[in-house]
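Data first, discussion second: the structure below is written as structure tokens.
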There are 2 protein chains.
Amino acid sequence: MKHFPVSNFARNLRKEWRKLKLPAENQTVVVAVSGGADSCGLLLALDELKKAGKLDLKLIAAHFNHNLRGREGETDAEFVRDLANKNGVEFVTETAGNLAETKDNLEQAARRLRYEFLFKAALKYNAFAVLTAHTLNDQAETFLLNLTRGSGLEGLSGMEQCRKLKDETDILLIRPLLSWAERELTVEYCRNNKIDYCHDIMNKDENFNRVKIRKKIIPLLKEINPQIIQTIYQTTRLLFEDNLQLDFEAQKAFQTAVENDVGGWSDFTEILKTKQMLDFTPSVRRRVLRIWLEKARGTLRRLERKHIAAIERIIAGENGKFVELPDNEIIVKKGNRLAFIKRKVEKSPLDNYN
Amino acid sequence: MKHFPVSNFARNLRKEWRKLKLPAENQTVVVAVSGGADSCGLLLALDELKKAGKLDLKLIAAHFNHNLRGREGETDAEFVRDLANKNGVEFVTETAGNLAETKDNLEQAARRLRYEFLFKAALKYNAFAVLTAHTLNDQAETFLLNLTRGSGLEGLSGMEQCRKLKDETDILLIRPLLSWAERELTVEYCRNNKIDYCHDIMNKDENFNRVKIRKKIIPLLKEINPQIIQTIYQTTRLLFEDNLQLDFEAQKAFQTAVENDVGGWSDFTEILKTKQMLDFTPSVRRRVLRIWLEKARGTLRRLERKHIAAIERIIAGENGKFVELPDNEIIVKKGNRLAFIKRKVEKSPLDNYN
């Protein structure tokens with residue numbers, strides 16, 4: 001390997017790579033590049049490290065066109081393609097179908113499709129990891145955004161630096177800027193390297209609230225604590241570990257509260273013993289419910305705090321015998337058991353009681 | 001008891017009183033009254049309920065003059081005295097000594113003296129509880145303020161509606177507005193009842209950051225979520241219960257990690273087994289450390305995140321054998337044990353190594 005001096009930004013990235021104990025050679029990584037300063041900076045710093053002989057990885061620049069802004073989206077894709085080509089980096093792209101048809105909210109649907117594309121790209125190129133360019137700022141913004149959405153501990157724990165991309169794969173999702181780089185560092189790095197980047201790659205409507213947090217709320221918080229971005233990051237790390245501990249406790253508790261539905265009256269093979277549930281603290285009980293509901297429904301999507309609260313009330317015998325969930329699902333209490341029922345018809349007699 | 005119609009505000013207060021399962025007769029309560037809309041509203045709503053025969057409690061209005069604003073503080077005290085007298089409520093007051101001499105930060109010292117005064121007042125009048133007029137807004141502001149200060153889960157859990165005023169007493173500290181009343185409700189109640197209140201009872205410097213949160217940051221968060229005050233309150237409740245669960249786990253863990261200092265090399269009778277500490281998750285380990293340090297030091301005051309992190313590093317064998325804490329205290333690792341040492345002299349040879 002040849003050795004050249006590298007920029008501070010690239011050096012810090014290399015340091016983080018070492019800290020995360022990630023392989024430095026003979027591997028391929030897929031880098032998610034939207035075209036903004038963060039992801040252009042990440043791609044080019046990786047390329048800088050590669051050219052300086054500090055990181056011997058094959059880089060794939062992957063761009064997903066959400067197809068929400070017509071020509072503008074195509075321009076971004078071309079921009080990323082050019083940037084990749086100019087630096088001898090392989091490029092892969094995909095354009096989403098019509099997201100407007102989705103049942104979920106647009107932002108969630110867009111994210112799901114994007115990660116699905118990145119996963120396919122990683123498989124195609126036999127990459128060990130997908131890298132995204134989330135910064136300290138993204139973590140702080142996500143924290144505040146989730147706060148406005150009523151998140152509990154899990155939602156306030158933020159993103160992880162390194163985790164599996166999906167349950168059923170070994171491919172990693174790595175965010176090598178998350179723990180140390182403020183957004184302005186990526187902007188500065190791009191500027192120093194005379195790299196142009198897309199200045200307005202966000203969909204204005206979709207990200208309206210995030211922009212308000214970024215442009216108005218965080219600057220005010222900075223007046224109180226100039227290090228607020230780092231401070232919130234440290235808080236998310238503490239909350240993340242607390243959440244991990246509680247999840248671990250809840251998994252143990254879940255095993256004591258669940259039993260097989262031998263009577264077959266449920267649409268899921270496991271039912272919950274309400275007496276056991278009442279013995280748990282509220283913190284554990286809510287988590288056990290979420291574990292069970294995620295298994296039964298396949299997802300926690302569209303489940304809100306009010307649904308969990310309503311189930312807690314029927315467990316306590318305070319309020320009725322059933323709770324309606326989204327997607328025609330019902331939680332029913334029968335004796336000392338709680339079951340998950342999937343409605344067969346769109347309209348049922350239960351509708352009259354809502 | 002005679003029964004009269006009462007205002008919505010007083011009715012909601014009565015409802016909360018019932019929900020908290022608090023006694024409705026033959027008891028005395030000390031109401032902390034600063035002179036602002038919140039505390040004037042609370043005092044007068046209690047008095048309204050009393051006069052309407054809905055709550056047969058003896059009320060004591062207690063005002064603490066922090067002695068930080070000269071004549072202004074005296075004016076507030078007189079205002080509260082007049083308000084109490086006019087409504088036939090007994091009044092008690094005290095003026096703080098010179099707070100500027102305090103070692104701690106001013107706000108903390110002021111709060112400690114205020115609660116000490118309220119405790120003495122409760123003892124004097126044989127009250128079962130001290131009531132404060134904290135609202136939903138106070139909870140949200142405290143959450144955000146603690147966020148800027150780098151709080152973890154405990155600091156983000158907010159205030160409780162009802163708890164013991166001190167460890168060694170049965171007197172309760174009750175916040176009967178906390179879970180339901182926004183500040184504007186107390187202002188409206190005062191206005192409807194033609195009660196004047198002190199408009200600017202806060203020390204500007206002391207509360208500069210809180211005012212910024214109240215006047216600038218929360219209004220912006222409201223643009224994203226009009227119910228942000230309630231939303232943050234619900235979040236604090238969830239976090240509070242999570243924190244309770246983790247504290248419970250940590251207490252159990254602490255028992256397995258502690259042993260008596262038979263060698264007598266520590267300035268606290270209990271030392272920690274570092275091997276046991278390493279077996280814990282970071283979440284539990286940090287809490288065990290805090291339990292131990294609170295017992296050894298008598299308080300967690302002046303202890304920061306960086307101190308805990310430094311102790312974690314010496315436990316892991318990463319970084320030295322001792323950690324300096326505030327107030328001439330040192331944590332020392334010797335073999336597989338961690339001890340608390342109180343320095344005898346102002347200057348020690350260890351100073352050279354900092």
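In what follows, chains carry the letters A, B, and so on, assigned in the order in which the sequence lines appear, proteins first and then strands, with residues in each chain numbered from 1. Heavy atoms only: backbone and side chains are in, while hydrogens, waters and symmetry mates are out.
With a 4.5 angstrom heavy-atom cutoff, B/Leu144 touches chain A only via side-chain atoms. Of the atoms belonging to B/Thr236, not a single heavy atom falls under 4.5 Å from chain A. Proximity to chain A (any heavy atom under 4.5 Å) is restricted, for B/Phe143, to the side chain, taken from C-beta onward. Proximity to chain B is absent for every atom of A/Gln230, based on heavy atoms less than 4.5 angstrom apart. When heavy atoms are compared at a cutoff of 4.5 Å, B/Gln227 does not approach chain A at all.
Each of B/Leu246, B/Asn225, B/Ile228 has some count of heavy-atom pairs under 4.5 Å with chain A, and the biggest count is that of B/Leu246. When A/Gly152, A/Pro282, A/Gly155 are compared by the number of non-hydrogen pairs under 4.5 Å with chain B, A/Pro282 comes out ahead.
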| request: Start with the C-alpha gap between B/Leu244 and A/Thr281, add the side-chain angles, then the distance that decides, and say whether side-chain contact (heavy atoms from CB on, under 4.5 Å) holds. | output: CA-CA 9 Å; B/Leu244 215 60; A/Thr281 61; over 6 Å; no

Checklist entry - Could you go step by step and tell me if A/Asp242 and B/Arg287 meet the salt bridge (Lys or Arg N to Asp or Glu O under 4.0 Å) rule? => result CA-CA 10 Å; A/Asp242 286 343; B/Arg287 279 185 163 70; 2.9 Å; yes

Notebook entry, point to check: Stepwise, does the side-chain contact (heavy atoms from CB on, under 4.5 Å) test hold for B/Ile232 with A/Leu147?
Noted result: CA-CA 7 Å; B/Ile232 293 180; A/Leu147 181 67; 4.2 Å; yes

| Please walk me through it: do A/Leu239 and B/Leu156 pass side-chain contact (heavy atoms from CB on, under 4.5 Å)? | CA-CA 10 Å; A/Leu239 298 185; B/Leu156 301 179; 4.2 Å; yes

- Determine, stepwise, if the pair B/Leu153 / A/Leu238 fulfils side-chain contact (heavy atoms from CB on, under 4.5 Å). CA-CA 8 Å; B/Leu153 188 57; A/Leu238 292 177; over 6 Å; no

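Counting heavy-atom neighbours within 6.0 Å of B/Lys164 NZ, excluding the residue itself, gives a total above 12. Summarising the local packing, NZ of B/Lys21 is surrounded by 12 or fewer heavy atoms from other residues, nucleotides or ligands at distances under 6.0 Å. The number of heavy atoms from other shown groups lying within 6.0 Å of NZ (B/Lys215) does not exceed 12. Atom CD of B/Glu223 is surrounded by more than 12 heavy atoms from other residues, nucleotides or ligands within 6.0 Å.
Side-chain contact of A/Arg305 with B/Thr231: a donor-acceptor pair under 3.5 Å is absent, judged by distance alone.
The side-chain heavy atoms of B/Lys216 and A/Ile217, taken from C-beta on, include no pair separated by under 4.5 Å. Contact of the A/Gln245 side chain with the B/Val284 side chain is registered, since non-hydrogen atoms from C-beta on lie closer than 4.5 Å. At a threshold of 4.5 Å between non-hydrogen side-chain atoms, the residues B/Ile224 and A/Phe208 do not count as touching.
Between the CG atom in A/Leu145 and the CG atom in B/Leu221 there is a gap of 10.5 Å [rounded to 0.5 Å].
Nearest approach of B/Glu241 to A/Ser283, heavy atoms of both residues: O-CB, 3.4 Å.
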